[in-house]
There are 2 protein chains.
Amino acid sequence: MPNPLIAKLEQFTHLSDDDRAALQNLVAEPLRCYRPGTDIVSEGDDPKVVRLVLAGWAYRYKQLPDGRRQVVALFLPGDLCDHTVFVLSEMDHSIGALGAVTLVEIQPATFETLMADHPRVTRALWWEGLVSAAVQREWMLNLGRRSAGERLAHVFCEVFYRLRGIGLTQGTTCDMPLTQTDLADLIGMTPVHVNRVLQMLRRQRLVELKGRRLTIPDLPTLEKAALFNPNYLHLDHVGARFDAVGQHPAAAARYGA
Amino acid sequence: MPNPLIAKLEQFTHLSDDDRAALQNLVAEPLRCYRPGTDIVSEGDDPKVVRLVLAGWAYRYKQLPDGRRQVVALFLPGDLCDHTVFVLSEMDHSIGALGAVTLVEIQPATFETLMADHPRVTRALWWEGLVSAAVQREWMLNLGRRSAGERLAHVFCEVFYRLRGIGLTQGTTCDMPLTQTDLADLIGMTPVHVNRVLQMLRRQRLVELKGRRLTIPDLPTLEKAALFNPNYLHLDHVGARFDAVGQHPAAAARYGA
DNA sequence: CGCATATTTGAATTCTTTCAATCAACGTGG
DNA sequence: CCACGTTGATTGAAAGAATTCAAATATGCG
């Protein structure tokens, strides 16, 4: 089974063959599969392992006692739940499977060994954690200050960028397994309103969404409508500073090599 | 200068005298003071140091091109900006000083040494990072799904809990240097609406707010109104599992020693 | 084909914002 | 000590955005 975490981390830094092998090795830990709509982790659970999504989409969510629900993160292939979760005694949120999800359950010790032996991987994992925190902040800006239309457009931009980073887009299209109800829980609106706003985006030819597939005919225009600035995804190969100069094509370009 | 980070981490785990001394040592790094309303870090900066707030309140915020602003985190004394920020090449948000703020600028190397030599401190710092991520998630739930009244009440509960954890409450009162405009940027509303909602909370005798001081006459009742569940602050001394049994009073209680 | 799930539509209501003014608190200089 | 300017808090009325509730269509799957 290929490990999409490698593709993800290579957006940040150049990895040696040895680094890649070590990451590939994570997939040797126990695999789990989940049916669409089931919970992978429930609020209150004791998190004993670190989870890495290999295939399918999952999402973190929180719920109020009366049932109101907010999706607080999306896990795409290659996404890792916090690599230090196991120090907590209790989860403060749940994780659900959107479609069919395959993930690995990694023992804390495996991670600690990996990080002790591979400093470049350690940096890359730090980067991974910082990016997911940055995504959370961007979502707060989304929820608090963007209009409904901007919000929905922003989600589409982000998902497209993230999927593209791990090679899961096909031209101008990508998967979009979220229902309008899921989208509503993601951007803090009602499903009815998501529907109306989506129709607006469609009328403006900013997106096409049908049969669980998303098409973005003109990404720059959608970005403008969303006030989308990809800086928060930190996809600029900043880790190049930890590379040997010239090792990585993008790093080489950036540093004029 | 006392180091409030020690008090903060001791909410999670028991520290040895040696651990405490090492943390105290952080305060030997260069101190900086900022005037109210000034920026400590600006979006686009290259983060070369890790910052630890010693006194005063600061806040992270993000802004849209047209000026709409969202506060995405509050830094109270003892709060640390991400202890691995320096792997990024560019900040995706800004940090501003609310009142007068004193902080230390810690070199990455200092941190790495501290963590290499003090495994218990390392765990505690991981916990710190996980808690701030959890706070962000709770804020998303706040922005996306709580009503205006619940949102405002929730902010008051959280601030009170966090200040109490580091010994900065006095009975039922604490500082509250945020103006109504600041609160608006925090909970994604307009200042006008904050004002009206605040009046509602006052009428219900849930809070008193005057002269930059907050009084919560009956915390449990405010918590109910806010749908506040403190689990996300992870203040349950979970780290006790990394303590020698019996070392820490709360841990001892939990484990029946 | 038929059920279950997801999307779409309409109308009425509720919540927030907007815009404009007014009021209150506070620190400064005369 | 008070006038004055600045900032923050408060109020009102009207416009705008989003939700609610209910019903009607689509769509996908066994």
Q: Is it true that E138(A) and K62(B) have a side-chain N and a carboxylate O under 4.0 angstrom from each other?
A: yes

Q: Is G149(A) touching bases, backbone alone, or none of the nucleic acid, heavy atoms closer than 4.0 Å?
A: nothing

Q: Quantified as the angle between the terminal helix axes (five pairs each), what is the overall bend of the helix from dC1(C)-dG30(D) to dG30(C)-dC1(D) to 10 degrees?
A: 40°

Q: Hey, can you tell me if Y161(A) and F228(A) have their rings parallel, tilted or perpendicular (30° and 60° cut-offs)?
A: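 Y161(A) and F228(A): tilted rings.
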
Q: I need the CG-P distance between D66(B) and dT18(C), as an integer number of Å.
A: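 The answer, rounded to whole Å, is 11 Å.
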
Q: Would you mind reading off the distance between R146(B) atom CZ and dC15(C) atom P, rounded to a whole angstrom?
A: 18 Å

Q: Between T181(A) and S147(B), which residue's closest nucleotide on DNA chain C lies nearer the 5′ terminus?
A: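 First, find each residue's nearest nucleotide; the 5'-ward one identifies T181(A).
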
Q: Given dT17(C), dT7(C), dT9(C), which nucleotide is nearest the side-chain atoms of Q180(A)?
A: dT7(C)

Q: Rounded to the Å, how far apart are Q199(A) CD and dT7(C) C1'?
A: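 Going from CD in Q199(A) over to C1' in dT7(C) covers 9 Å.
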
Q: Looking only at side-chain N and O atoms, does R202(A) come under 4.0 Å of OP1 or OP2 in dT8(C)?
A: yes

Q: Could you tell me the separation between the CG atom of L235(B) and the CZ atom of R164(B), rounded to the nearest 0.5 Å?
A: 9.0 Å

Q: For L103(B) and E105(B), which heavy atoms make the closest approach, and how far apart are they?
A: CD1-CG, 4.0 Å

Q: Round to the nearest Å and state the distance from K210(B) atom NZ to dA25(C) atom P.
A: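 Distance, rounded to whole Å: 8 Å.
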
Q: According to a strict under-4.0 Å criterion, is N195(A) in side-chain N/O contact with OP1 or OP2 of dT7(C)?
A: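 No.
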
Q: Please determine whether a side-chain nitrogen of the Lys or Arg among R68(B) and D185(B) lies less than 4.0 Å from a carboxylate oxygen of the Asp or Glu.
A: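 Salt bridge between R68(B) and D185(B), a charged N being under 4.0 Å from a carboxylate O: no.
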
Q: Under 4.0 Å between a side-chain N or O of R212(A) and OP1 or OP2 of dT5(C)?
A: no

Q: Tell me which nucleotide among dT16(C), dT9(C), dT18(C) gets nearest to the side chain of R151(B).
A: dT16(C)

Q: Drop me the distance from D79(A)'s CG to W57(A)'s CH2, to the nearest 0.5 angstrom.
A: 10.5 Å

Q: Hey, which sits more toward the 5' end of DNA chain D by its nearest nucleotide, R196(B) or T179(B)?
A: T179(B)

Q: Measure from NE2 on H193(B) to P on dC19(C) and round the result to the nearest Å.
A: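 Between P of dC19(C) and NE2 of H193(B): 17 Å.
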
Q: Are the side chain of E158(B) and the backbone of V155(B) linked by a donor-acceptor contact shorter than 3.5 Å?
A: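 No; zero donor-acceptor contacts below 3.5 Å.
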
Q: With a 4.0 angstrom cut-off to heavy atoms of chain B, pull out the first and last contacting nucleotide of DNA chain D, in 5'-to-3' order.
A: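 Footprint of chain B along DNA chain D, 5' to 3': dG8(D) to dA13(D).
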
Q: Tell me the interatomic distance from L198(A), atom CG, to dT9(C), atom C1', rounded to whole angstroms.
A: 14 Å

Q: Has the side chain of R60(B) got a donor or acceptor atom that lies under 3.5 Å from a matching backbone atom of V72(B)?
A: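 The answer is no, because no donor-acceptor pair under 3.5 Å joins these two groups.
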
Q: What's the CG-P distance between L98(A) and dA6(C), to the nearest Å?
A: 11 Å

Q: Are R137(B) and D92(A) ion-paired here, with the side-chain N under 4.0 Å from a carboxylate O?
A: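 Looking at R137(B) and D92(A), the cut-off is met.
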
Q: With a 6.0 Å cut-off (strictly less than), is the heavy-atom count around CZ of R205(A), excluding the residue itself, greater than 12?
A: no

